[in-house]
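Report on the structure given below.
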2 protein chains.
Amino acid sequence: MSAKARPTYSAIAKAAGVSEATVSRVLNNDERVNPERTAAVMKAVEELGYRRHRAATALASGRTGLIAVVIDDDLSVFSDPFWGTVTSGISRVLMENHLQTVLMVTSVNSVDGPVAHYLEGREVDGAIFFQLHKDALVRKLAKQGLPIVITGSPHTDTDLYFVDTDNFGGGYAATKHLMSRGCKKVAIITGDIETTAGHQRLDGYNQVYREFGRVPNKSLIRQGDYSYESGQVQMEHLLAEHPDVDAVFACNDLMALGAIAAIEAAGKSVPDDVAVIGFDDSVSSRTSRPQLSTIRQDITALGEAAAELMIAQLNGEPVESRIMPVELVLRESA
Amino acid sequence: MSAKARPTYSAIAKAAGVSEATVSRVLNNDERVNPERTAAVMKAVEELGYRRHRAATALASGRTGLIAVVIDDDLSVFSDPFWGTVTSGISRVLMENHLQTVLMVTSVNSVDGPVAHYLEGREVDGAIFFQLHKDALVRKLAKQGLPIVITGSPHTDTDLYFVDTDNFGGGYAATKHLMSRGCKKVAIITGDIETTAGHQRLDGYNQVYREFGRVPNKSLIRQGDYSYESGQVQMEHLLAEHPDVDAVFACNDLMALGAIAAIEAAGKSVPDDVAVIGFDDSVSSRTSRPQLSTIRQDITALGEAAAELMIAQLNGEPVESRIMPVELVLRESA
DNA sequence: CTGAAAGCGCTTACAG
DNA sequence: CTGAAAGCGCTTACAG
């Protein structure tokens, strides 16, 4: 009940009859310490309810125990549960490894903004970035020796470590299913094909055509921007140009829902006249009518993998970028 | 280009011709320092590209510059964009005030778990909690003097500071609209009424009945659990018991969508036979057909307010809990 | 395997 | 208004 000051090494050293250096060694798992002394220290730690003072450790050792998760303002953080899910996966794994997650939601474009300063100031032991539009800052930091992991794929060929969803595989699986169920004219509504993810989903689509010995008509490939409205608009264009289009792979669920609205507005039915597949397995895909067939990714696992890559780097272990598998979820729309 | 060691007070003191104590005073905005010396220090700071070492500051001052945002695992973090949005609002305001956000996603139930230890260890300057099921831990921490803000309402009467959505006002506005448009038999599908938010929305509903000089039939009040399925099931019950029910206020959008599915499955139409209003203004509310009328809250503003309350506490300024306004958004379903 | 000692980079009474 | 000095609580060569 009494509010005594928290114990420091000094108190433990005294209680255990050893030096502070030995206390430090025990607490940092230095193997060389005599077992009996180790036991004595552990006992004192237990009895006194000792807790490490992170700032002191950080100052003396140079390690902060903090990992930054940097999220670009531009991402649709405000309506997309994706990043929250990834972040919770990251946070969980980091915590298990006694690391804390420092969240930075800002504009990451600047190589010289507050985020850059913060990260260059070594206030964290590493940084996990989310899908980037530009990677100048990341390269700069990596060059300075800051351990980095990217969630999503880097733009250019690079030796940066990353974890990403199998976007190609998702595009492939969706398109393959549509072709296999007998659709002859399969269109695609892409997302932002400037991003790696957007591009790779399109590549998967093209690959299926290739395997069927066909080449998709260019006007079957429409570019959207991941919004409901763009799905709707692009689908209207498709129906106008190709009255016989019988399937569409929309590169996210929101566009797929927009496409369905356009198809039904045109007096056609899903999936009988036009089959539709989305991407994300969002909540809406389950609540829409017809329920949406879609590509599911394990988003939590993506975050966990990102954290694992970071921890491996910190430990100097071998690190390898990872592509996380996706799964085709068939519901009513295809 | 050369990788010189980062400058410390020592270098600045030398360059500016003052003591390290003076450097510290200038950097901490101590007003007593002679203007010329202040200028000299600022110049040296600028030229040398000085950046504060947070761990050293933390060790010497006791302030870490870190604020924890603690999110209970139990919250449906994995599908609800709500908390991500709140968090980004918090993070933005904290950053502007040179504070960093430490994210902790864990089970918060235990008064003695890792989170408790971390927060008791004073590794952060304050903690912002999200809607809690139990608040024993929070009370304990507050008693120890840790600045605390709760996002959502505390369970019991208390002097804890909090920010919350006007849940009562939202329930009131939704129900009032339904009554005013002529509906005679307005039902409600509640969320978890163990939580303050769930309870307050129901209170708003009851208040409207009261103002109309009526008392709602108890069987018009059905308890859901915020899931699509529960909305569907409870609506089926309502339609069975009350074939003439002509409106329903569902306490979130997901349940509202479930209710609409049940209404249409019963061969009735929305809003002509049964009007429906949800709560959240989620993405689904715009993409559903009919589009959902709902209660919108400014979630980002909620997060910003939470951060502001925290900052006021840290600065020793007067603090007052806040209720954030909501807005009725009318679309097609009511 | 272990301890004494210096040091990490700041802050803050204290004395002037 | 300012400086010298002690101190925050750890870690880590160094010497033994």
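Everything numeric here is computed off the predicted structure, so don't read it as measured data. Labels below follow one simple rule: chain letters A, B, ... track the order of the sequence lines, proteins then strands, and each chain is numbered from 1.
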[X] vs [N]: side-chain N/O to OP1/OP2 distance below 4.0 Å:
X        : N       : result
Arg32(B) : dT2(D)  : no
Arg25(B) : dT11(C) : no
Tyr9(B)  : dT11(C) : yes
Ser24(A) : dT11(D) : yes
Arg37(A) : dG3(C)  : yes
Arg52(A) : dT11(D) : yes

Under 30°, 30 to 60°, or over 60°: which ring-plane class applies to Phe130(A) and Trp83(A), parallel, tilted or perpendicular?
perpendicular

Are any of the side-chain nitrogens in Lys140(B) or Glu120(B) under 4.0 Å away from the carboxylate oxygens of its partner?
yes

Could you measure between the two P atoms, the one in dA13(D) and the one in dG9(D), and give it in whole Å?
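Those two atoms are separated by 23 Å.
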
Per Thr8(A) side chain, nearest of listed nucleotides dG3(C), dG9(D), dT11(C):
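Selected nucleotide: dG9(D).
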
Side chain of His53(B) only, please: which of dC10(C), dC10(D), dT2(C) is the nearest?
dC10(C)

Between atom [atom1] in [X] and atom [atom2] in [N], what is the gap in whole Å?
X        : N       : atom1 : atom2 : answer
Arg54(B) : dC10(D) : CZ    : C1'   : 19 Å
Asn34(A) : dG3(C)  : CG    : C1'   : 14 Å
Leu59(A) : dT11(D) : CG    : P     : 11 Å

At 4.0 Å (heavy atoms only), tell me whether Asn28(B) reaches a base, stays on the sugar-phosphate, or touches nothing.
sugar-phosphate

Describe the nucleic acid contact of Arg63(A) in one word from base, sugar-phosphate, nothing, applying a heavy-atom distance below 4.0 Å.
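Since only primed, P, OP1 and OP2 atoms lie under 4.0 Å of Arg63(A), the category is sugar-phosphate.
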
For Met324(B), does the CE atom sit with more than 12 other heavy atoms under 6.0 Å from it, leaving out its own atoms?
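Yes.
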
Go ahead and write out DNA chain C as dot-bracket, 5' to 3': ( ) for pairs within the strand, [ ] for ones crossing earlier pairs, | when the partner sits on another strand, dots for unpaired; Watson-Crick or G-U wobble, both distances under 3.5 Å.
|||.||||||||.|||

